[in-house]
Amino acid sequence: MRTEYRFQEIEKQWQAFWEENKTFKSSINPNKPKYYVLDMFPYPSGAGLHVGHPLGYIASDIMSRYKRLKGYEVLHPMGFDSFGLPAEQYAIQTGQHPAITTEQNITRYIEQLKNIGFSFDWSREVRTSDPSYYKWTQWIFMQLFNSWYNQDSDKAESIDTLIAIFNEKGSVGVKVVCDDETIRISAEEWKSLSEDEKYEYLLNFRLAFLDDSVVNWCPALGTVLANDEVKDGVSERGGYPVEQKKMRQWSMRITAYADRLLRGLEEVDWVDSLKEQQRNWIGKSVGAEVDFDIFEPVANLQDKKIKVFTTRVDTIYGVSFMVLAPEHEWAMDLTTAAQKNAVEEYINWAKSRSELDRMSEVKQVSGVFTGSFVINPFNGEKVPIYLADYVLAGYGTGAVMGVPSGDQRDWNFATHFNLPIIPILDVQKDIEKQADNTKEGKYINSGMIDGLSYKEATQKLITWLEEKGIGNGKVQYRMRNAVFSRQRYWGEPVPVYFKPSASGKLLPYLIQESELPLELPKIDKYLPTETGEPPLGRAADAWKYQGQYDYEWSTMPGWAGSSWYWYRYMDAQNKDAFASKESIEYWQAVDLYIGGSEHATGHLLYSRFWNKFLKDLGYVKEEEFAKKLINQGMIQGRSNFVYRVKDSEKVTFVSHGLKDQYDVAALHVDVNIVDNDVLDVETFKSSRNDVPADAEFILEDGKYVCGWEVEKMSKSKFNVVNPDDLIAKYGADTLRVYEMFLGPLEQFKPWNTNSISGSHNFLKKVWRLFFDEVSQKCKVSDEAATPEELKVLHTAIRKVQDDLDRFSFNTVVSTLMICVNDLSSLKCSKKAVLKDLVLLLSPYAPHISEELWTVLGEQEGSLSYATFPEFNASYLVEDSFNYPISFNGKVKLTLSFPTDATPQAIEEAVLANEQVQKYLAGATPKKVIVVPKRIVNVVV
RNA sequence: GCCUGGGUGGUGGAACUGGUAGACACGCAGGACUUAAAAUCCUGUGAGCCGAAACGCUCGUGCGGGUUCGAUUCCCGCCCCAGGUACCA
């Protein structure tokens with residue numbers, strides 16, 4: 001028996017025990033209720049696990065261990081989202097295949113995770129980059145390609161049912177989700193199409209389809225960049241210019257699910273703020289579409305109308321200009337000869353600006369007049385057409401009507417270009433100073449709606465538009481379809497090849513299901529081809545479908561593999577399906593998902609989308625994949641920065657204190673080569689490919705000082721702190737306790753190692769309840785516990801259980817500390833008490849608990865499936881309560897009264913009290929408020 | 001900019017439904033044990049004021065208002081920080 005707390009030995013021993021005995025292997029067990037605890041899917045970065053990752057995993061592990069003690073069959077798996085940009089970036093730098101580095105990184109992650117003592121069922125581990133996994137990601141893509149969204153049944157259906165409808169009545173009036181521009185045809189027209197033409201037409205309706213999307217194109221690198229890779233308008237790698245470019249890309253029609261994604265939020269128990277973020281992201285708005293005729297027909301645009309969507313059609317008489325996105329397809333056609341130069345210049349400038357820049361810069365008005373006009377259909381007035389980059393092409397119709405009196409951005413625009421600001425409601429105030437977006441009052445200057453109220457006016461206008469056929473009421477969503485192509489190597493290949501139609505047009509076809517997985521081909525280097533095609537284009541000579549057709553060269557995005565992984569965990573080895581029917585039946589939905597709020601509008605929406613889709617096709621049962629979701633606040637890092645001088649001939653970096661004298665771009669630098677904000681210049685040079693050996697460093701006081709900021713801890717920000725060092729020094733149990741003790745799980749907090757010793761001391765103190773420190777003798781006795789000891793214990797049992805049930809992980813630690821402090825003061829080493837204490841502690845500090853469990857004489861390893869202590873309220877009964885007595889809300893003294901004393905009796909006793917009399921100093925209280933077992937307030 | 005959070009001692013945080021603000025830790029100061037150190041234990045620790053003493057007084061939860069017998073908690077306005085903003089995952 002170990003009599004000293006040698007945590008390193010203890011932890012190694014129990015980790016080995018759990019592994020050998022497969023302690024945490026879960027299986028379909030009809031005799032127990034199931035509980036599925038899902039963690040955020042980690043990306044195995046080269047930096048290894050950082051202290052932020054385990055935060056959520058520790059919490060989920062605590063819940064898993066707690067639920068096992070509560071009698072549940074717990075599914076608690078772990079795996080890796082192992083496709084991604086960083087591995088590819090590393091491959092570009094080193095020429096090493098990303099699969100190799102990914103494998104190494106995963107090995108390291110697993111080692112690190114095992115070090116922390118998680119109760120994962122490792123037999124279910126999955127990796128998205130493994131062909132046996134991405135086979136099913138590709139399979140789901142095929143299902144999406146083969147499906148359309150039927151708005152009548154409100155679900156996805158096989159494309160075959162759509163073909164049947166087309167044969168019967170064509171596409172006119174069919175309630176199918178597709179782009180607005182899609183031309184509708186009759187059954188006759190449909191039938192008259194050739195097979196190829198039919199196939200091409202159907203592409204418009206599939207849930208996976210090809211579409212033009214705007215991307216960050218970097219001509220110098222010959223590739224598309226992630227927003228993350230673009231800093232200040234230039235590429236982070238190399239500092240080359242980036243422009244916005246339209247490209248043909250695979251897209252997912254997530255918009256078909258917009259309303260269900262919205263409605264589904266009502267049935268899940270997720271954090272409200274996260275649901276709110278999703279609601280806002282989906283952005284349902286009810287409004288109207290209005291067609292504006294172009295004044296004096298413009299060449300190329302005969303009979304064309306400019307369509308706008310507005311949520312305030314009632315303001316239409318206040319329209320004094322029209323704004324199109326600079327990339328609007330008619331922008332040049334609408335431009336008159338006189339305006340040509342100005343417009344071209346503006347369009348070129350706008351190309352260099354990211355969407356984020358365009359949305360955030362609200363104070364700086366920019367735009368250009370095209371020289372053309374539209375006609376307001378309601379009053380026949382000529383309205384000038386401008387281009388301005390605050391209108392985004394991918395949003396709605398890419399055109400908005402400007403109503404300066406009611407919209408601040410329009411007001412700014414009108415003021416800048418000297419356009420009229422027309423009041424439209426009699427209650428609008430100060431519109432010469434700012435816009436007033438009120439819906440109150442009666443309309444003025446507004447033709448047919450003069451004198452009406454908001455509701456009446458809106459209704460009347462929409463009716464009129466629909467009668468005239470120049471508009472209609474419409475529900476629009478802010479959410480856009482999801483771009484699904486990446487011009488990258490390290491992702492799932494899209495199981496599609498291109499075959500020319502009779503007319504020579506390349507059409508996409510799926511490969512056969514039996515040909516899955518379509519594996520990534522080997523390529524010579526991980527860069528785009530010389531002609532700017534994605535890296536897979538390098539394999540093209542040898543990599544062809546049936547030896548003749550080119551495959552799709554783009555790969556799937558990072559979110560593909562993570563949009564369904566919780567199902568694979570249910571049955572990770574299955575070769576015939578992504579998961580068996582029985583496993584899906586038993587495990588159903590995730591009971592607890594712990595993940596970061598940074599996934600609110602990305603991963604968590606895509607996952608819900610794919611889940612709904614799989615349900616529509618009957619493969620899964622649940623409309624929502626996670627019943628309960630709690631956020632893990634990020635542990636933030638403290639990042640360091642270096643400052644690269646822009647446009648200098650030689651690569652030059654300037655120290656933080658001098659950076660204001662130059663035009664610089666801030667770049668993250670690894671915190672591990674920065675000491676006290678001073679950069680290790682030599683290591684910096686040798687560790688980065690984009691920093692040549694002759695790079696210049698402008699120093700201050702002989703040092704290169706870095707800037708710093710608190711932001712998220714992430715591989716891309718080079719600010720990672722590693723848990724291994726902490727475990728070596730204090731042990732995994734201490735790390736687990738400390739991470740929980742840091743604060744509420746969901747709160748954001750910068751990492752700070754300083755007070756970890758407190759958690760370590762706590763565990764040592766637990767140990768000392770069992771062993772005498774000096775004599776090293778075991779102190780555990782079989783004596784019966786005293787009422788006082790039982791009160792201490794049961795106070796803790798109640799609070800630990802309550803707090804765990806509401807996921808308040810940090811307060812559990814305090815509770816255990818108080819309990820241990822009290823038991824230490826009482827010199828209690830009684831087995832009857834310590835046994836329950838060990839059970840309470842075990843979810844947090846499982847290694848020391850297993851060890852002490854055996855010290856108590858229990859069977860080795862039986863702790864994980866023991867029974868959580870039962871709370872007994874009778875030990876806590878109090879017969880009196882100490883009432884704080886306050887005067888006007890300020891507490892002055894406390895008085896003790898029996899718990900069953902009536903408020904009247906308390907009031908009398910309080911007023912009769914000598915000290916109270918002293919505070920009253922002869923005054924008569926106006927009122928006395930007695931809140932039983934809380935407080936007494938005397939109002940004077 | 002927009003959406004979503006957050007702001008409490010020197011530090012991390014507690015106060016669960018509007019009821020004793022600062023639990024529990026860290027740090028710091030003093031003390032015990034020790035030849036010494038480590039470890040451990042004990043005491044004190046929001047700020048200011050009065051005082052020999054305190055069971056004494058005032059202020060105090062980002063800032064400014066409000067509601068209430070009573071506000072860290074609810075409402076209004078502002079400031080600062082963080083996450084997301086559609087190709088980081």
Side-chain angles (χ1 to χ4, degrees), chain A residues 40-43 45 81 83-86 213 215-216 224-230 249 271-274 276-281 283 355-356 358-363 390 394 409 479-483 485-488 557-559 562 596-603 605 631 633-634 636 709-712 714-717 738 741-744 746-750 752 754-759 761-762 764-765 768 773-774 802-803 806 808 810-811 813-818 821 882-894 915 926-929 931 934-940:
Chain A
M40 209 149 75
F41 213 15
Y43 173 82
S45 81
D81 189 12
F83 275 132
L85 263 187
S213 315
V215 297
N216 297 311
V224 174
L225 296 177
N227 288 334
D228 223 41
E229 299 174 296
V230 183
Q249 309 258 299
V271 205
D272 284 333
S273 64
L274 194 141
E276 192 60 19
Q277 279 188 70
Q278 291 209 346
R279 279 190 202 105
N280 291 330
W281 182 265
E355 228 172 72
L356 192 56
R358 291 168 58 170
M359 286 187 295
S360 18
E361 259 182 43
V362 126
K363 285 176 191 125
Y390 75 86
R409 233 170 8 179
M479 182 169 65
R480 311 200 287 250
N481 283 325
V483 180
S485 291
R486 298 294 181 266
Q487 329 302 313
R488 306 285 177 185
W559 56 268
S562 60
S597 62
E598 70 273 20
H599 295 288
T601 53
H603 167 57
L605 261 179
N631 273 157
M634 219 170 320
Q636 292 159 318
E709 245 171 70
V710 170
E711 53 186 0
K712 68 173 172 176
S714 104
K715 53 258 170 193
S716 65
K717 302 202 187 297
Y738 181 60
F741 188 56
L742 266 182
E746 67 279 8
Q747 211 163 87
F748 287 71
K749 45 208 170 240
N752 174 5
N754 289 344
S755 53
I756 193 169
S757 60
S759 301
N761 287 343
F762 160 66
K764 286 198 283 192
K765 211 162 172 178
R768 285 198 304 272
E773 202 188 6
V774 181
D802 285 357
D803 286 357
R806 65 188 175 102
S808 174
N810 56 325
T811 51
V813 180
S814 311
T815 303
L816 291 171
M817 284 176 171
I818 292 168
N821 288 348
N882 255 350
Y883 279 88
I885 313 298
S886 60
F887 295 80
N888 292 337
K890 292 198 194 305
V891 175
K892 297 291 182 184
L893 67 148
T894 61
Q915 269 182 289
K926 289 186 192 134
K927 207 201 274 186
V928 178
I929 289 151
V931 184
R934 284 244 190 247
I935 202 169
V936 176
N937 192 16
V938 182
V939 186
V940 253

Can you tell me how far [atom2] of [N] sits from [atom1] of [X], to the nearest Å?
X: A:Ile935; N: B:C69; atom1: CD1; atom2: P; result: 15 Å
X: A:Leu85; N: B:C87; atom1: CG; atom2: P; result: 12 Å
X: A:Leu742; N: B:C24; atom1: CG; atom2: P; result: 19 Å
X: A:Leu816; N: B:A23; atom1: CG; atom2: P; result: 18 Å
X: A:Ile929; N: B:G19; atom1: CD1; atom2: P; result: 14 Å
X: A:Glu355; N: B:G84; atom1: CD; atom2: C1'; result: 14 Å
X: A:Asp228; N: B:C88; atom1: CG; atom2: C1'; result: 4 Å
X: A:Arg768; N: B:U40; atom1: CZ; atom2: C1'; result: 6 Å

For [X], which residues count as a side chain to side chain contact (heavy atoms under 4.5 Å, CB included) partner, sequence neighbours excluded?
X: A:Gln278; answer: A:Leu265, A:Trp270, A:Leu274, A:Leu604, A:Leu605, A:Arg608
X: A:Asp803; answer: A:Lys799, A:Arg806, A:Ser808, A:Thr811, A:Val812, A:Thr815
X: A:Ser213; answer: A:Gln249, A:Ser251, A:Val483
X: A:Ile885; answer: A:Tyr883, A:Phe887, A:Leu893, A:Leu895, A:Val910, A:Val916, A:Val936, A:Val938

Gap in Å between the two [atom1] atoms, one belonging to [N] and one to [M], rounded:
N: B:G60; M: B:C42; atom1: P; value: 35 Å
N: B:G22; M: B:G44; atom1: P; value: 15 Å
N: B:U73; M: B:U67; atom1: P; value: 15 Å
N: B:G10; M: B:U17; atom1: C1'; value: 34 Å

| message | Closer than 3.5 angstrom, by distance alone: can the side chain of A:Lys927 be matched with the main-chain N or O of A:Asn937 as a donor-acceptor pair? | response |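 It does not hold such a pair.
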
| note | Letter by letter from the 5' end, nucleotides 2-7 of chain B scores (B base, S sugar-phosphate only, - none; protein heavy atoms under 4.0 Å) -SSS--

| field | Non-neighbouring partners of A:Phe762 that pass ring pair (Phe, Tyr, Trp, His ring centres under 6.0 Å), sequence neighbours left out | value |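 Residues passing ring pair (Phe, Tyr, Trp, His ring centres under 6.0 Å) with A:Phe762: none at all.
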
| OP1, OP2 of B:A14 versus side-chain N and O of A:Asn810: anything below 4.0 Å? |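 The answer is yes; a side-chain N or O of A:Asn810 sits under 4.0 Å from OP1 or OP2.
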
